[in-house]
Number of protein chains: 2
Amino acid sequence: MIDESPKRAATLNDVAERARVSLATASKALNGRADVAERTRERVLAAAAALEFTPNAVARGLTSGRTGTVGLLTSDLEGRFMIPILMGAEDAFGAGKIDVFLCDARGDAVREQHHLRALLSRRVDGIIVVGDNTDPRPSLGRNLPVPVVYAYAPSDDPKDLSLTPDNVTGGQEAIEHLVACGRSRIAHIGGDPAYAAARDRLKGAQQALAAAGLSFVGTPMLSEWSERWGRAATAMLLDRHPEIDAIFCGSDQIARGALDVARDLGRDVPADIAVMGYDNWTLLAEASRPELTSVDANLQELGRAAAQRIFDALDGTQQQPRGVHHLPVRTVIRGSTVPRR
Amino acid sequence: MIDESPKRAATLNDVAERARVSLATASKALNGRADVAERTRERVLAAAAALEFTPNAVARGLTSGRTGTVGLLTSDLEGRFMIPILMGAEDAFGAGKIDVFLCDARGDAVREQHHLRALLSRRVDGIIVVGDNTDPRPSLGRNLPVPVVYAYAPSDDPKDLSLTPDNVTGGQEAIEHLVACGRSRIAHIGGDPAYAAARDRLKGAQQALAAAGLSFVGTPMLSEWSERWGRAATAMLLDRHPEIDAIFCGSDQIARGALDVARDLGRDVPADIAVMGYDNWTLLAEASRPELTSVDANLQELGRAAAQRIFDALDGTQQQPRGVHHLPVRTVIRGSTVPRR
DNA sequence: CTGTTAGCGCCTTCAA
DNA sequence: TTGAAGGCGCTAACAG
């Protein structure tokens with residue numbers, strides 16, 4: 001007879017009774033503790049199996065104080081940056097025995113506060129706050145009862161721990177790569193200058209140019225994180241400065257627009273003009289013609305690191321580090337800067 | 001003196017002591033029950049506020065049997081389809097007082113089983129299983145102790161409840177739109193025929209064509225869900241059948257490739273050729289030149305619906321529905337099929 | 001080795 | 001209107 005109705009989950013008590021032992025003994029047996037006779041343990045395990053016993057982590061958490069649970073508080077799930085970070089964190093935790101509460105605040109402070117309360121009431125062991133840009137964001141506050149790590153968007157409170165990609169170095173590396181490819185007449189098309197990301201990448205690029213005894217051709221153009229802007233800016237650029245031999249773009253979307261216009265105008269990439277993107281959004285980078293060289297922020301690694309910090313804080317052995325940490329990026333080279341052999 | 005170290009969360013007992021009432025009274029006062037004197041209630045609330053008391057949902061769940069928690073079991077977080085579904089579900093739940101456990105099985109059955117155990121041990125009130133394609137997937141099994149809803153990828157067990165977009169109707173609507181735009185020499189470039197999505201969309205398209213007394217120009221070409229394939233197929237198509245006046249593509253990526261090649265070959269879109277995509281991935285659709293008409297699967301709505309089914313099951317009032325439900329799609333019209341005025 | 005007992009934090013009867 | 005007591009499922013001392 002197959003029971004199709006959802007059944008009540010078996011409890012440790014049920015197991016104990018079936019195995020004809022006390023509740024405590026059943027607990028010990030199932031938790032693999034030494035002070036249980038082997039035969040007894042077998043009986044208990046058999047009973048547990050027969051009953052499809054699933055230990056109640058909720059009850060367990062009540063006693064231990066640990067729930068084996070962390071909160072992931074994002075400000076915009078849709079954002080392209082959330083996902084890899086979230087994956088990295090989920091990955092690092094999933095390896096162990098921790099589950100992740102996902103909360104999307106939709107960029108709304110009130111909703112965020114609401115979710116924070118909910119997470120605390122569920123007694124999460126830690127919280128990761130994920131932003132969708134690298135501008136500092138308001139801190140959740142000090143002395144919360146659990147460790148908090150800010151990922152991508154740093155907290156505005158230096159007492160908090162924040163992990164964010166190193167956009168300045170990213171800009172540097174981009175220019176260094178272009179220079180290494182023999183380019184010297186380089187232009188820049190960036191994203192919205194209201195974003196720290198746009199400014200930091202530009203800053204790094206300018207530092208690297210100066211170090212190489214160069215400077216940008218024309219004024220760096222910052223406006224919008226869009227393909228459309230990439231197209232418009234490239235058209236202007238090639239019109240005013242036909243001599244440029246490389247464009248460093250502030251995002252892959254912008255770069256994609258640049259590629260399209262360069263092609264329309266009959267310029268060969270990378271022979272005439274090298275084009276670099278930023279973010280290494282493979283979906284765009286690998287679908288481009290030619291494929292796009294881009295700077296990767298290692299977001300999955302960043303998510304993993306954030307999870308690791310939570311672990312560390314839980315172990316409590318180490319002093320919880322503070323401040324904003326800038327994590328390394330890496331340049332992924334493809335056909336838009338180096339011709340295929 | 002500011003305490004910077006994480007502090008122990010206050011318990012109901014602390015509140016009761018501070019308010020000089022019994023634990024039971026404090027509980028009643030905080031839960032807004034009637035049988036508490038107004039002055040007493042005020043004292044309790046004040047004490048709770050002073051202590052920043054956050055009720056322990058874990059302990060509460062122990063007694064009530066409900067944890068106010070559901071599991072979201074995805075097979076591939078990266079997948080483009082997860083996110084809107086996940087958002088819809090998170091949205092629907094967030095409106096109430098339910099939090100979501102996110103688990104990414106990485107497409108691995110073993111890991112999925114592992115996560116399932118974890119979710120059950122945490123006594124989630126329900127589970128949503130999200131797939132990244134519309135092919136039937138193995139059921140988690142019958143008579144689990146909680147309600148389960150399959151989203152996007154249906155379960156292979158008809159006794160389960162599955163919500164999946166109606167790709168056949170989507171294909172129909174696409175063709176109907178093209179026909180309404182006055183096109184009659186229509187070709188199809190689809191994705192990987194190993195996917196039900198590719199076959200279903202084609203099937204719907206053929207039905208609609210037949211209904212209009214038409215048939216595809218050339219043989220429908222199915223191969224890969226990529227821009228590259230869109231480019232290659234379009235080049236072949238325009239070479240063999242220069243007379244075609246519309247291309248229905250199985251995805252926005254394919255359509256994007258088609259647009260690019262049409263432009264390269266000097267064809268005007270939409271004047272000479274109308275191009276339709278599928279999925280309404282705004283990132284691609286709105287960045288195209290011209291912007292791309294596409295079929296939207298209403299995934300966020302689908303996620304919301306899945307959440308709603310969990311709610312219904314929890315209320316327990318209604319009989320849990322079963323079987324595969326095909327949810328409606330909608331065509332989003334943009335410049336690639338209808339010229340801007 | 002095994003079982004008894006006391007909580008973990010909260011809610012819910014049931015008396016007082 | 002209040003408070004004492006029991007229990008949710010489990011673990012961690014202690015005794016036996």
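Protein chains get the first letters and strands the later ones, always in sequence-line order, with residue 1 at the start of each.
By the side-chain hydrogen bond (donor to acceptor under 3.5 Å, both in side chains) test, B:R304 pairs with B:D91, B:E301, sequence neighbours left out. Under the rule for a side chain to side chain contact (heavy atoms under 4.5 Å, CB included), the partners of B:S27 that lie at least two apart in sequence or sit in another chain are B:L12, B:N31. Remark: B:D14 engages B:R8 in a side-chain hydrogen bond (donor to acceptor under 3.5 Å, both in side chains) (not counting sequence neighbours). Applying the side-chain hydrogen bond (donor to acceptor under 3.5 Å, both in side chains) rule to A:S22 yields the partners A:T25; only residues at least two apart in sequence or on another chain are considered. A search for side chain to side chain contact (heavy atoms under 4.5 Å, CB included) contacts involving A:E112 returns A:L73, A:A105, A:R137, A:L140, not counting sequence neighbours. Listed by chain and number, the residues in a salt bridge (charged side-chain N to carboxylate O under 4.0 Å, His left out) with B:D157 are B:R142 (sequence neighbours excluded).
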Seminar exercise, completed: The contact string for nucleotides 11-16 of chain C, one letter per nucleotide 5' to 3', using protein heavy atoms under 4.0 Å with B, S and - for base, sugar-phosphate only and none, comes out as BB----
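One atom, CZ of A:R20, and another, P of C:dG3, lie 12 Å apart when rounded to the nearest Å. Separating the CG atom of B:N56 from the C1' atom of C:dC8 is a distance of 9 Å, rounded to the nearest angstrom. Counting to the nearest Å, the P atom of C:dC8 and the CZ atom of A:R66 are 18 Å from each other. When the C1' atom of C:dT2 is taken as reference, atom CG of A:L30 falls 15 Å away, rounded to whole Å.
Counting any heavy atom pair closer than 4.0 Å across all strands shown, A:T40 reaches sugar-phosphate atoms only and no base atom. Across all strands shown, A:T25 has heavy atoms under 4.0 Å from base atoms, whether or not it also approaches the sugar-phosphate. Here B:V58 lies out of heavy-atom contact (under 4.0 Å) with every strand.
Between chain B and DNA chain D, the heavy-atom contact criterion of under 4.0 Å yields a 5' to 3' nucleotide range of D:dT1 to D:dG9.
Legend: ring-ring contact (aromatic ring centres under 6.0 Å, His included) pairs involving residues 12-34 of chain B, not counting sequence neighbours: none detected. Pairs of residues two or more places apart, or lying in two chains, that qualify as ring-ring contact (aromatic ring centres under 6.0 Å, His included) and include a residue from residues 133-159 of chain A are A:F81-A:Y152. Pairs passing the ring-ring contact (aromatic ring centres under 6.0 Å, His included) check and including a residue from residues 17-50 of chain B, sequence neighbours excluded, do not occur.
The C1' atoms of five pairs define one axis at each end of the helix from C:dC1-D:dG16 to C:dA16-D:dT1, and these two axes lie 50° apart (to 10°).
Between A:S22 and C:dT2, a side-chain N or O to OP1/OP2 separation shorter than 4.0 Å is absent.
No donor-acceptor pair closer than 3.5 Å links the side chain of A:R309 to the backbone N or O of A:P147.
With a 4.5 Å cut-off on side-chain heavy atoms, A:V36 and A:V21 do not count as touching.
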